[in-house]
Visitor: 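Can you read through this structure? Questions will come right after.
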Amino acid sequence: MAEHDLYGILEGAHPQPPLPQLRMVVQDGLTAVLGAQPRPLMRLPQSRKAQLLALSERLRAQEACMPLGAFLPASPLAHLSPQTAAVFLDANRPFLFDQIARFAGLVQYQLQIAWTEDQVLTRFRDAPEIAPLFTRPLVAADITLAVSRLAENLGARIVDHLAPALEILTLPLAPGLLWNGALLLPRAAEAELEQALQRIDAIWTEGLTLRLTGPAPVMSFCTLDLEQVTAPQIDWALDRFGLASLDQAHEVAAIRRRLLIASGGADLEEIDFQARVIEAAARLEGERGFALCRARSEGQALAAPLVREVA
């Protein structure tokens with residue numbers, strides 16, 4: 001079966017794609033958003049410019065889905081056929097609705113704040129981090145440390161001003177940036193965000209440059225990764241839970257609690273995922289191969305598989 005790029009999951013039934021390059025697969029109150037064209041069997045290496053263009057086009061397609069309802073973005077590495085997409089929605093239904101309940105009505109912004117670095121010492125000469133530098137001969141190492149401490153404290157002030165955000169993820173800093181982060185906000189919080197940006201700008205109006213992008217899908221806070229589950233892996237999960245067959249899936253919740261207590265919580269993610277494997281396989285009534293998803297946030301590495309490779 002030809003596979004298509006998975007752009008994300010929408011709450012509700014949306015058979016009509018918002019853009020011609022998309023294809024919708026509807027299954028019992030959920031919609032998988034796929035690329036209209038199958039993925040090529042082999043993709044040649046792309047230049048960085050081509051990669052950025054592809055990611056930009058992908059983001060535009062995902063943004064086009066946002067007005068339709070709560071949207072969970074998928075990783076660029078995620079792909080399904082239209083047939084396996086329907087199975088995927090059935091297999092992951094409880095998990096997907098949990099994530100939808102968490103992020104419904106929320107959007108993401110990214111805020112980057114650059115500062116005029118060659119004027120920092122002058123502008124903040126009286127700041128407690130900088131003032132001691134002018135009581136002794138200036139040493140490059142001392143300046144670097146002082147400016148770093150100043151940036152850290154200004155970053156804390158910026159976060160304080162961003163109180164309208166429900167969650168904030170700080171992102172890596174490029175040269176010249178004072179602060180970089182993703183903000184999770186209700187759709188209706190644009191006015192509060194604008195006021196917050198005005199307070200941040202007032203810290204140093206002449207020296208700060210604020211760049212805000214969004215609203216966008218909540219990809220920094222929830223990106224769906226897919227993991228393929230095979231028949232032997234289902235059997236291994238059953239064995240881990242001490243179950244003879246999927247007919248005993250109703251016992252999973254109680255066994256999960258016992259396993260977590262026995263492990264002291266150390267295997268929480270693995271045990272939870274194995275429980276989902278069993279419950280999904282039982283819900284699919286005999287389907288012995290399917291994909292489960294996990295939600296990853298910015299800064300988390302692509303997670304190692306949680307189902308053991310079984311021959």
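These numbers come from a predicted model, not from an experiment.
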Visitor: For the residue pair S81 / E3, report whether a side-chain donor-acceptor contact shorter than 3.5 Å exists.
Guide: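 There is no such pair (donor and acceptor under 3.5 Å, judged by atom type) between the side chains of E3 and S81.
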Visitor: What verdict does the side-chain contact (heavy atoms from CB on, under 4.5 Å) test give for W236 and V277, after you've listed the backbone C-alpha separation in whole Å, the side-chain angles of each residue and the deciding distance to 0.1 Å?
Guide: CA-CA 10 Å; W236 179 69; V277 167; over 6 Å; no
Visitor: Does E227 come within less than 4.0 Å of R276, counting only side-chain N to carboxylate O?
Guide: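 Not counted as a salt bridge, because no side-chain N and carboxylate O are separated by less than 4.0 Å.
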Visitor: Taking CZ in R48 as the centre, count heavy atoms belonging to other residues, nucleotides or ligands within less than 6.0 Å. Is the count above 12?
Guide: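 For R48, atom CZ is not crowded (no more than 12 foreign heavy atoms under 6.0 Å).
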Visitor: Measure from NZ or CZ of R256 to the centre of the six-membered ring of F241 and say whether it is under 6.0 Å with the direction within 45° of the ring axis.
Guide: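 Checked: cation-pi criterion not met.
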Visitor: State whether E270 and R240 are salt-bridged, where the test is any N-O pair (Lys NZ or Arg NE/NH1/NH2 against Asp/Glu carboxylate O) under 4.0 Å.
Guide: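 R240 and E270: salt-bridged.
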Visitor: Do R199 side-chain atoms and H161 backbone N/O form a donor-acceptor pair below 3.5 Å?
Guide: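 Looks like yes, one N/O pair under 3.5 Å.
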Visitor: Say whether D5 and Q37, considering side chains only, have a donor N or O and an acceptor N or O under 3.5 Å apart.
Guide: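 The criterion, which ignores hydrogens and geometry beyond distance, is not satisfied for Q37 and D5.
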Visitor: Walk me through whether F290 and T84 qualify under side-chain contact (heavy atoms from CB on, under 4.5 Å).
Guide: CA-CA 7 Å; F290 51 87; T84 58; over 6 Å; no
Visitor: Taking T31 for the side chain and V26 for the main chain, is one N or O donor matched with an acceptor at less than 3.5 Å?
Guide: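 No, T31 side chain to V26 backbone: no donor-acceptor pair under 3.5 Å.
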Visitor: Holding to salt bridge (Lys or Arg N to Asp or Glu O under 4.0 Å), I want the full list of residues that pass it with E190, two or more places apart in sequence or in another chain.
Guide: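 Salt bridge (Lys or Arg N to Asp or Glu O under 4.0 Å) check on E190 returns nothing, list empty.
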Visitor: So, do L111 and N180 sit near enough that their side-chain heavy atoms are less than 4.5 Å apart?
Guide: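 No - every pair of side-chain heavy atoms lies 4.5 Å or more apart.
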Visitor: Got a donor-acceptor contact below 3.5 angstrom from the N92 side chain to the C293 backbone?
Guide: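 Yes, N92 side chain to C293 backbone: donor-acceptor pair under 3.5 Å.
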Visitor: Tell me the closest heavy-atom pair linking A291 and Q228, and the distance in Å.
Guide: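 Here A291 and Q228 meet closest at CB-NE2, 3.4 Å.
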Visitor: With a 3.5 Å cut-off and sequence neighbours excluded, list the donor-acceptor pairs that the side chains of residues 15-25 form with protein atoms.
Guide:
none

Visitor: Step by step, would you call W179 with I200 a side-chain contact (heavy atoms from CB on, under 4.5 Å)?
Guide: CA-CA 11 Å; W179 195 85; I200 293 169; over 6 Å; no
Visitor: Side chains of T122 and Q119 only: does a donor on one sit below 3.5 Å from an acceptor on the other?
Guide: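 There is no such pair (donor and acceptor under 3.5 Å, judged by atom type) between the side chains of T122 and Q119.
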Visitor: Taking atom CZ of R211 as the centre, does the number of heavy atoms from other residues, nucleotides or ligands within less than 6.0 Å exceed 12?
Guide: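 It does not: R211 CZ has 12 such atoms or fewer within range.
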Visitor: I'd like to know if the side chain of Q248 reaches the main chain of S245, judged simply by a donor and an acceptor atom lying under 3.5 Å from each other, with no hydrogens or angles considered.
Guide: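 At least one qualifying donor-acceptor pair exists.
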Visitor: Please name all residues satisfying salt bridge (Lys or Arg N to Asp or Glu O under 4.0 Å) with D201, sequence neighbours left out, ordered by chain then number.
Guide: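 Salt bridge (Lys or Arg N to Asp or Glu O under 4.0 Å) check on D201 returns nothing, list empty.
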Visitor: So which heavy atom on P217 is nearest to which on L59, and how close?
Guide: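 Here P217 and L59 meet closest at CD-CD1, 3.8 Å.
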Visitor: Would you call R294 and D272 a salt bridge, taking side-chain N to carboxylate O under 4.0 Å as the test?
Guide: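 Salt bridge between R294 and D272, a charged N being under 4.0 Å from a carboxylate O: no.
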Visitor: Of the non-hydrogen atoms in A85 and L80, which two are nearest, and what is the gap between them?
Guide: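 Answer, listing the atom of A85 first, then L80: CA-CD1, 3.9 Å.
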Visitor: Looking at R157 and D160, is there a salt bridge between them, counting it only when a charged N and a carboxylate O are closer than 4.0 Å?
Guide: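 Salt bridge absent between D160 and R157.
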Visitor: Is there a donor-acceptor pair under 3.5 Å between the side chain of R123 and the backbone N or O of W204?
Guide: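 Between the backbone of W204 and the side chain of R123 there is no qualifying donor-acceptor contact (under 3.5 Å).
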Visitor: Can you check side-chain contact (heavy atoms from CB on, under 4.5 Å) on L72 and L10, steps first, answer last?
Guide: CA-CA 7 Å; L72 303 176; L10 273 165; over 6 Å; no
